[in-house]
Chemist: 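Encoded as structure tokens, here's the structure I'll be asking about.
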Amino acid sequence: MEQRKITIADFQKKKESGLKISMLTAYDFPTASLVDQAGIDAILVGDSLGMVVLGYGSTVPVTMDEMVHHCKAVSRAAGHSFVIGDMPFMSYQLSVEQAVANAGRFIKEAGCDAVKLEGGSTMCPAVKAIVEAGIPVCGHIGLTPQTATQLSGFKVQGKNAESARELLQSARNLEAAGAFMIVMECIPDKLAALITRSISIPTIGIGAGKDCDGQVLVVHDILGLFERFTPKFVKRYINLAPEIKAAVGRYREEVEKGIFPAPEHTFSMSDEEAEKI
Ligand code: KIV
């Protein structure tokens with residue numbers, strides 16, 4: 001697999017030539033190493049880590065310190081994949097200055113290549129300021145989990161013409177504000193295709209159909225490691241949770257029966273030396 005680090009120019013070239021961009025989340029060093037070695041273009045250290053790794057009920061409680069901690073581990077693993085750190089709720093909404101300062105932590109402390117933040121047109125002043133500070137920004141429109149309560153729950157967005165037009169306008173405004181890429185979550189495929197054709201920066205879909213410039217999913221979902229629920233847009237490529245439980249169960253049984261450790265897992269010394277102790 002190619003070791004060269006992926007750049008923003010590579011994403012742009014892929015869009016222009018019709019090659020799809022692959023993105024997957026990761027939150028720790030071992031998983032990010034595997035994702036990187038599998039040749040994924042971009043790793044998103046999503047604030048979904050709050051739910052799939054930290055056990056919160058939503059992404060809302062995730063803090064900047066938690067994000068920086070996990071982004072550091074992922075950045076250390078990513079020799080090839082472009083690393084995007086997800087700005088957590090209330091780390092960019094209070095003021096443009098707060099948004100720039102926190103975006104800076106993802107780059108300076110955590111070693112990320114870019115940041116992502118949720119929101120459309122209203123977030124454009126923050127996006128513009130972060131970009132002007134020299135930090136690449138990925139937008140995120142459609143279903144925005146940090147503000148799902150305001151959207152009346154985890155629902156598909158842009159289903160009628162008026163809300164679809166707003167999302168199209170948000171995508172155009174984010175591009176004008178300097179975003180290099182936009183994640184589109186849970187929107188109808190026709191709208192995603194229209195937005196993808198209407199802007200010159202790449203779109204990455206999650207529950208947005210096949211006509212986006214790329215796709216992203218949560219790594220725990222595709223590996224079958226998150227058992228609480230599985231959204232419709234997820235494809236599970238392997239179901240690891242039952243396999244892990246079975247392996248752990250075998251270990252427990254062998255410990256309880258004295259089967260493990262066997263001689264091959266044991267360090268020995270001569271009886272003579274043992275007697276001198
Ligand atoms: O937090 C996350 O993992 C995300 C993706 C689902 C797009 O924002």
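Every number for a ligand or one of its atoms is a count from 1 in the order of the listing. Since the model is a prediction, treat every value here as computed from it, not as a measurement.
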Chemist: List the steps, then state whether ring pair (Phe, Tyr, Trp, His ring centres under 6.0 Å) holds for Phe82 with Phe180.
Modeler: CA-CA 13 Å; Phe82 188 89; Phe180 74 97; 5.7 Å; yes
Chemist: Tell me if a side-chain donor or acceptor on Gln215 pairs with a main-chain N or O of Gly209 at a distance below 3.5 Å.
Modeler: yes
Chemist: Write 'none' if nothing qualifies; otherwise put on separate lines each N/O atom of ligand 1 with a protein N/O atom under 3.5 Å away and their distance to 0.1 Å.
Modeler:
from	atom 1	to	atom 2	distance (Å)
ligand 1	1 (O)	Asp47	N	3.1
ligand 1	1 (O)	Asp47	OD1	2.9
ligand 1	1 (O)	Ser48	N	3.0
ligand 1	1 (O)	Ser48	OG	3.3
ligand 1	1 (O)	Asp86	OD2	3.2
ligand 1	3 (O)	Ser48	OG	2.5
ligand 1	8 (O)	Lys116	NZ	3.1

Chemist: Below 4.0 angstrom, N of the basic side chain to O of the carboxylate: do Lys235 and Asp221 qualify?
Modeler: no
Chemist: Apply side chain to side chain contact (heavy atoms under 4.5 Å, CB included) to Thr144 and Leu151, showing your working.
Modeler: CA-CA 8 Å; Thr144 45; Leu151 302 174; 3.6 Å; yes
Chemist: Do Phe226 and Phe229 make the cut of ring centroids closer than 6.0 angstrom?
Modeler: yes
Chemist: Which class fits the ring pair Tyr27 and His220: parallel under 30°, tilted 30 to 60°, perpendicular over 60°?
Modeler: tilted
